[in-house]
Amino acid sequence: MLKKKNLLWLAFAILALIFTLIQFVPSAPVLIPAELPPEQRAAHRLLNFEGVDNFRDLGGYEAAGGRKVKWGTLYRSANFAETSRSDQQVLDRLNLYALVDFRSAAEKAEEPNQLPEKPAYRLVEIPTMDGGNNSVHEEIIARFEDGNFSEFDPDVFMIAANRAFATTFTPQFREFIGVIREARGRPVVWHCSAGKDRTGFAAAILLRILGVPDDVIMADYLLSRDSALAARQKELTLLRLMEGDEAADKLAILLGVEAPWLEAAFETIDQQYGNFDTYVREALGLDDTAIGQLRAQLLE
């Protein structure tokens, strides 16, 4: 009879083979919502790239003054570490002004983006959770390596991270809003690693500035859960085999998104600034004229 260790290695080999075979299944052509008839766009909000996860168009959301966010203008995504040539061609079709990368230096070194050597769009790096503040990424990696999840509460951990987005990392998100302003309505995509936390907070504050209702903002934020978990299914399966259900279940929470995380960020904004409008003025540097310009450029 095979020993437990041998069984685990056999399971790894089978899983690796399955995931390798899946990669050779031909992908369907990528559908770009802005190129589809209006009534079909929302159903294809999540673009079906070959090697890019959680890439979404924020178009169509109800916003200020009865208007809607323009399709083909604001995109959020996970990283581009496994971008295929076909994916790169689709990115060219989007006519991007800029691609914003929120990842830390360590994350970029571990999973470098695969993009053209001289892309037709600006590459803007806004490291968030970098250097001494790179706690989220470093702790995830450390717990992956040693399997120590017994005293780890993923909700507490991610609430703290989201509070930091609204305080410690305000300069980074102010810079992000600056890129959106510089684009003057031209398409921009922003991403982190999984496209859910830093990317999700950036999307949330931008949509709030545009007058999108809070329930719609939260619904968009939560759309990342399934995509992010699907992208890391291999790691979760292997962790469950190696370390058991407790570790895998906690990591599954960490790799998803939960409403209280984003709520904590907005609560922190209210505590620090009194309300969101003051945060927009004082932290993000937008006056009424700038807000009006953004809405004129990004809404229809």
Side-chain angles (χ1 to χ4, degrees), residues 45-46 53-58 61 74-79 102-104 107 128-129 133-144 147-170 172-173 176 190-209 212-237 239-240 243-272 276 279:
R45 182 180 303 283
L46 179 67
D53 296 312
N54 203 16
F55 192 109
R56 306 205 304 273
D57 190 327
L58 296 182
Y61 290 140
L74 301 175
Y75 296 102
R76 52 177 296 176
S77 176
N79 68 53
F102 282 117
R103 295 178 302 162
S104 67
E107 291 170 290
T128 307
M129 297 294 189
N133 294 310
N134 191 23
S135 58
V136 172
H137 180 256
E138 289 180 351
E139 180 149 356
I140 292 172
I141 296 300
R143 291 185 183 280
F144 251 123
N148 179 20
F149 286 87
S150 60
E151 298 180 0
F152 178 66
D153 187 327
D155 286 306
V156 170
F157 184 72
M158 289 310 304
I159 284 173
N162 276 267
R163 291 190 184 280
F165 297 158
T167 52
T168 305
F169 300 105
T170 291
Q172 284 85 342
F173 291 104
F176 162 71
W190 59 94
H191 76 95
C192 47
S193 287
K196 65 184 188 71
D197 299 314
R198 289 158 289 186
T199 296
F201 178 72
I205 60 174
L206 179 55
L207 291 176
R208 243 196 181 191
I209 290 168
V212 175
D214 286 349
D215 62 331
V216 176
I217 292 172
M218 182 60 75
D220 175 78
Y221 177 77
L222 294 175
L223 283 177
S224 289
R225 181 186 288 132
D226 291 344
S227 295
L229 286 173
R232 297 295 185 181
Q233 195 58 52
K234 179 179 179 181
E235 290 91 336
L236 278 172
T237 301
L239 185 66
R240 194 173 298 277
E243 303 296 341
D245 290 340
E246 181 187 20
D249 290 344
K250 287 186 176 181
L251 188 63
I253 294 172
L254 193 66
L255 293 177
V257 288
E258 299 294 335
W261 303 353
L262 183 61
E263 290 169 352
F266 283 127
E267 287 170 3
T268 301
I269 286 172
D270 289 342
Q271 292 165 3
Q272 291 283 109
F276 185 74
Y279 167 78

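Residues take their numbers from the sequence shown, with the count starting at 1.
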| note | On a heavy-atom basis, the closest approach of Leu262 and Phe201 is CD1-CD1, 4.3 Å
| Side-chain donor/acceptor of Arg56 to backbone N/O of Asp220, under 3.5 Å | yes
| task | Not counting sequence neighbours, which residues clear side chain to side chain donor-acceptor pair (under 3.5 Å) with Asp270? List them please. | result | none
| request: Applying ring pair (Phe, Tyr, Trp, His ring centres under 6.0 Å), name anything that partners Tyr61, two or more places apart in sequence or on another chain. | output: none
| remark: Heavy atoms of Ala265 and Ala166 approach each other most closely as O-CB, 3.6 Å
| remark: Tightest non-hydrogen contact, residues Gly195 and Ser224, listed as O-OG, 3.5 Å
| said: Checking the side chain of Arg198 only, and the main-chain atoms of Thr128 only, is there a donor and an acceptor separated by less than 3.5 Å? | reply: yes
| query | Any donor and acceptor pair, going by atom type alone, linking the side chain of Thr199 with main-chain N or O of Lys196 inside 3.5 Å? | reply | no
| Which heavy atom in Leu223 sits nearest to a heavy atom in Arg45, and how many Å separate them? | CD1-CD, 4.3 Å
| said: Below 30° counts as parallel, above 60° as perpendicular, anything between as tilted: where do the rings of Phe55 and Tyr75 land? | reply: tilted
| Is Cys192 close to Glu107 at the side-chain level, that is, under 4.5 Å between some pair of heavy atoms? | no
| field | Side-chain donor or acceptor of Ser77 paired with backbone N/O of His191 under 3.5 Å | value | no
| task | For Ala259 and Leu222, work out which heavy atoms get closest and say how close. | result | N-CD2, 3.7 Å
List, one per line, each side-chain donor-acceptor pair under 3.5 Å for residues 154-163, sequence neighbours excluded.
{"from": "Asp155", "atom 1": "OD1", "to": "Trp261", "atom 2": "NE1", "distance (Å)": "3.1"}
{"from": "Asn162", "atom 1": "ND2", "to": "Met158", "atom 2": "O", "distance (Å)": "2.9"}
{"from": "Arg163", "atom 1": "NH1", "to": "Thr268", "atom 2": "OG1", "distance (Å)": "2.6"}

| query | Who passes side chain to side chain donor-acceptor pair (under 3.5 Å) against Gln172, sequence neighbours left out? | reply | none
| Out of curiosity, Arg76 CZ to Leu206 CG, how far, rounded to the nearest 0.5 Å? | 11.0 Å
| Shortest non-hydrogen contact between Phe169 and Met129, atoms and distance | CE2-N, 3.4 Å
| Those residues that, when tested against Phe102, pass ring pair (Phe, Tyr, Trp, His ring centres under 6.0 Å) (two or more places apart) | Phe173, Phe176
| said: Would you compute the distance between atom CZ of Phe266 and atom CD of Gln271 and round it to the nearest 0.5 angstrom? | reply: 13.5 Å
